[in-house]
Enquirer: 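This is the structure, below, for whatever I ask next.
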Amino acid sequence: MSTHPVASATQLRAENVTLGYDGQDIITDLSLTIPDGQVTSIIGPNGCGKSTLLRGLGRLLAPRSGQVILDGAPLAAHSTRHIATRISVLPQAPTAPSGLTVADLVSRGRHPRQKWYQQFSATDQTVVENALLATDMAQFANTPLEELSGGQRQRAWISMTLAQETDILLLDEPTTYLDLAHQVDVLELIHRLNREHGRTVVMVLHDISLAARYSDHIVAMKNGRIMTQGHPEDVVTAELLRDVFGLAAHVVSEPTAGRPHVIPLGTVQAALAGANRTD
Amino acid sequence: MKRSSAPRTQATTTSISALRLGPVSLRLNVRALVVAGALGVSLVASMALHIAFGGSPLWYPDVLLALFGNTADTAVHLAVTEFRAPRMAAAVLVGACLAAAGAITQTVARNPLASPDVLGVTSGASLGAVAVLVIAGGGHAGLSGLAATVGLPVAALAAGLVSGVAVYLLAYRRGIDSYRLILVGLGISGLAASLTTWILTLGDVTSAAQALTWMMGSLNGKDWALVQPAATIAAVLLIAALLCDRWLLLTSFGEDVAVSLGTRIGLVRLIALTIAVLLASVATVVGGPVAFVALASPQIARVLSRSVVPPVGISALFGAVFVLLADAIAANALSAPLPVGVITAIVGAPYLIFLILKYQRRLT
C-alpha cells in the first residue's frame, strides 16, 4: 500500500493559489513546493495566512484560483477519500465527540481505508496499536479523551494521523496550549516520525527557536506572502525577525545542534527608539 | 516520557473488538448488542401489552400466542391482528421514526437538544396537517374522502420538508454550526406554531377541536389505510438511517477532522438530515407531534449502550417501546382516553429540564 509513487519529484506543491474565507483574499498568488521527506515549518506573525496556507494544502479550504498539486494532479481531481490516504491533517483545536476513548479515536484514522463490510481488520488493529506505541499512548488506550492532559491529548490526535498511514503530515500549531516540556515532547515525536518513517511533515509553529531546532526547511510568511524560505540557519536571522515580525532580537547559535536561537530585545519601534523604520 | 518497550504487552488490549471472517470484519460493541437484544424482547412484550389493554382487557399470554401466529382462539386472533393491530403498529412506527430521526439530528448537530421538535420539522408538519384539518374540515363529520387519506398526509409531509429545508438553508453559512441550527430551528418552530394557532381560529369549532386533539399527538382510531403505506415508507427510511450509522459518527467530529479523514461531510450531512426530516414527518403524519420522544430516546439509548453518539437502531427500538407503553397508559389511566402526547410530555419535560440544567452546569 505504502509504496512510494515512482519518484515523482515532489508530492505536494501549491501553484499560484489564492485563498480566503468570506471577505477578502488572505493569500494571493502564492506558490510553494513542499520538500519531500523533510520537516517544513511555516512561521510568521499572527494573521499572516500560515494556517490558511496549511488548510489549502490539506484541501480543508478550496483555492479561489490556482491549484494545489498532489502526485502530479490537482487536489480537486482526487477524491477526498484518496487524499486521506496520502495526506493527514491535524487541524488547530480538533474536536471529537465526548466520551470517545483514545483507541477509538486512533482507529478512526483507518476510516479512509475501510469499507462497510471491512470495519476493523487485523491490519487495522496492528496499525492502531503501533500508532499508540509510537506516540507512547498505549497505556491510555481505553481512557476517554477529555480525561487526558493537553500534551497527552495532542499525542492521541497525532496518533490518529499516524494510523492514517500517509506519507504527508500537515499539523496546524501542534504545540499550542502546551507547556515547554510538552511542546518539546510533541516536536521530538514529529522529528522521530520524520527520521524513522520518512514522513513529509509541514507544520505551523509560533515559536521560531523551536521551529529552527526541529525543521529542515523554514517558510517565513507576512501579509499572505512568502518572504523567504530555506534552511533554518539561512532563514532565521536578525533581519528576518525585524522585517517579518517587527521584532528586534539577537540570533545566537544554540549549543546542542548549532541551530539559530532567538533572544528578543523588544519590538523594533522600542529598540530603535524613534529611529526611522521602513515597513 | 520515553518508554519504548514497556507498554508493548498492554497495547494488545485495545477496547475495540471486531468479528473477523476472511476479508469481512465487523466492529463489535458487545454491550450495544446485549442492549439491542433486551430492547427487542421488551418491544415484543410491549406490543402484546399494548394490544392486551387496547380495549376490553385480553388475557396477556393469549395475546402473545396470537402475535406469534396462533389462530386457535379466533376472537383473540381477530382482535390482535385486525382491530387492535393498526394502533399498535402506529405506536411502533411513531416511536421508532421519531427516535431514529432524533438520533440523526443530535449526532449531526453535535448537540443533545437538537431533536426534530427543536429543529422545526414536527411543528412544520403540524402546520400542514392542521391547515388541511381546519380549512378542508367538514365540521361534525370530520375529514372525509380524499382530504383525509391523501390531503392531510401529503400536506404534513410537504410542510415538514419545507420547514426542514428552510432551517437548513437559513442556518447554512460555510457549513453547519450547531448553535445556529438550533436557534434558527427554534425560530421556524415558533413561526409554524403561531401560524397553526392562527389557522385554528379560522375554522369552525368542531374542526378546531379535532385539530387540537391531533396536535397533542394521538394514536386514537388509526387504521391500516393510514398505517400501512406509512410503515412501508418508514421501513425504507429506517434501513437507510441504519446504513448511515458508520458515517454519522464522523459527522460528530469537527468538520476539519471529518474532511481530513476522507468524509464528504456536506453530502453526508445533507443525506442524513434529509432522512431525519422524512422520518420525523412520516411519524407526525401518523401520530401527530408526539412530544419528547425524539429528544429523550436517543440520549437514553446512548447511555444504555455506552455509545459515543446515539445509535440509530437502539434509539428506534427504545422509541418504539416508549410510545407503546405511553399509549397503553394514555388509553387506560383515566376514564376518558388521553392523547399519547400527554404521557410522553409528562415523562419527557422533566428530562428536558434536566438536560438543560446539566449543560448549564458544564458551561459555568
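Heavy atoms only: backbone and side chains are in, while hydrogens, waters and symmetry mates are out. These figures come from a predicted structure and were not determined experimentally. Note on naming: letters A, B, ... go to the chains in the order of the sequence lines (proteins, then strands), and numbering restarts at 1 for each one.
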Enquirer: Taking side chain as everything from C-beta outward and backbone as N, CA, C, O, which of these in B:R27 sits under 4.5 Å from a heavy atom of chain A? Side chain, backbone, both or neither.
Expert: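 Both backbone and side chain.
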
Enquirer: Check this for me: does any side-chain nitrogen of one of A:R213 and A:D207 sit under 4.0 Å from a carboxylate oxygen of the other?
Expert: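 Between A:D207 and A:R213 there is no salt bridge, as every charged N stays at least 4.0 Å from the carboxylate O atoms.
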
Enquirer: For the residue pair A:R113 and A:T85, confirm or rule out a side-chain donor-acceptor distance under 3.5 Å.
Expert: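 On atom types as modelled, these side chains do not qualify, holding no pair under 3.5 Å.
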
Enquirer: With a 4.5 Å cut-off on heavy-atom pairs, point out which of B:L261, B:V308, B:V259 contacts chain A the most.
Expert: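 Among the listed options, the one with the most contacts to chain A is B:L261.
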
Enquirer: So that I can tick it off, tell me whether A:E165 and A:R199 are bridged by a salt bridge, with the cut-off set at under 4.0 angstrom between side-chain N and carboxylate O.
Expert: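 No salt bridge links A:R199 with A:E165.
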
Enquirer: Taking atom CZ of B:R20 as the centre, does the number of heavy atoms from other residues, nucleotides or ligands within less than 6.0 Å exceed 12?
Expert: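 Yes - once you tally the heavy atoms of other residues, nucleotides and ligands closer than 6.0 Å, there are more than 12.
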
Enquirer: Tell me, for A:M137 versus chain B, whether the close heavy atoms (under 4.5 Å) come from the side chain, the backbone, both or neither.
Expert: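 No part of it gets close to chain B.
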
Enquirer: So which part of B:V309 gets closer than 4.5 Å to some heavy atom of chain A, the side chain, the backbone, both or neither?
Expert: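 Contact with chain A involves the side chain of B:V309 alone.
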
Enquirer: Non-hydrogen atoms of chain B under 4.5 Å away: do they reach the side chain of A:R55, the backbone, both or neither?
Expert: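 It is the side chain, since no backbone atom gets that close.
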
Enquirer: Does any backbone or side-chain atom of A:L100 lie under 4.5 Å from a heavy atom of chain B? Answer side chain, backbone, both or neither.
Expert: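 For A:L100, backbone and side chain are both near chain B.
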
Enquirer: I need the residue from A:S88, A:P97, A:P94 with the largest number of non-hydrogen atom pairs under 4.5 Å to chain B.
Expert: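 Answer, by heavy-atom pair count under 4.5 Å with chain B: A:P97.
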
Enquirer: Let me see the working for A:V128 and A:F120 under side-chain contact (heavy atoms from CB on, under 4.5 Å), right down to the final yes or no.
Expert: CA-CA 10 Å; A:V128 166; A:F120 200 62; 4.1 Å; yes

Enquirer: What part of A:L105 lies closer than 4.5 angstrom to a heavy atom of chain B: side chain, backbone, both or neither?
Expert: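 The answer is the side chain of A:L105.
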
Enquirer: Are B:Q299 and B:R302 linked by a side-chain donor-acceptor pair shorter than 3.5 Å?
Expert: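 Checked: B:Q299/B:R302 side chains pair up, N/O donor to acceptor below 3.5 Å.
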
Enquirer: Decide if atom CZ of A:R64 counts as having more than 12 heavy atoms of other residues, nucleotides or ligands within a radius under 6.0 Å.
Expert: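 Buried by this count: over 12 neighbours within 6.0 Å.
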
Enquirer: Please flag which part of B:L250 lies under 4.5 Å from any non-hydrogen atom of chain A: side chain, backbone, both or neither.
Expert: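 The answer is the side chain of B:L250.
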
Enquirer: Shorter than 4.5 Å, heavy atoms on both sides: which option in A:Q114, A:H111, A:M160, A:Q119 has the most such pairs with chain B?
Expert: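 Of the candidates given, the most pairs with chain B belong to A:Q119.
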
Enquirer: Looking at A:S79, A:G109, A:G99, A:A122, which has the largest count of heavy-atom pairs under 4.5 Å with chain B?
Expert: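 Of A:S79, A:G109, A:G99, A:A122, A:A122 has the most heavy-atom pairs under 4.5 Å with chain B.
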
Enquirer: Is the number of heavy atoms from other residues, nucleotides or ligands under 6.0 Å of A:E146 CD greater than 12?
Expert: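 Count over threshold, so yes.
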
Enquirer: Taking A:A84, A:S107, A:P144, A:S121 one by one, which has the highest count of heavy-atom pairs under 4.5 Å against chain B?
Expert: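 Looking at each option in turn, the highest pair count goes to A:S121.
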
Enquirer: What part of A:Q92 lies closer than 4.5 angstrom to a heavy atom of chain B: side chain, backbone, both or neither?
Expert: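 Contact with chain B: none, neither part.
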
Enquirer: Between A:H82, A:R108, A:R81, A:Q164, who has the most heavy-atom pairs with chain B when the cutoff is under 4.5 Å?
Expert: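 Heavy-atom pair counts peak at A:R108.
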
Enquirer: Would you say the side chains of A:E173 and A:H206 form a donor-acceptor pair under 3.5 Å?
Expert: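 Note: A:E173 and A:H206 side chains meet the donor-acceptor criterion.
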
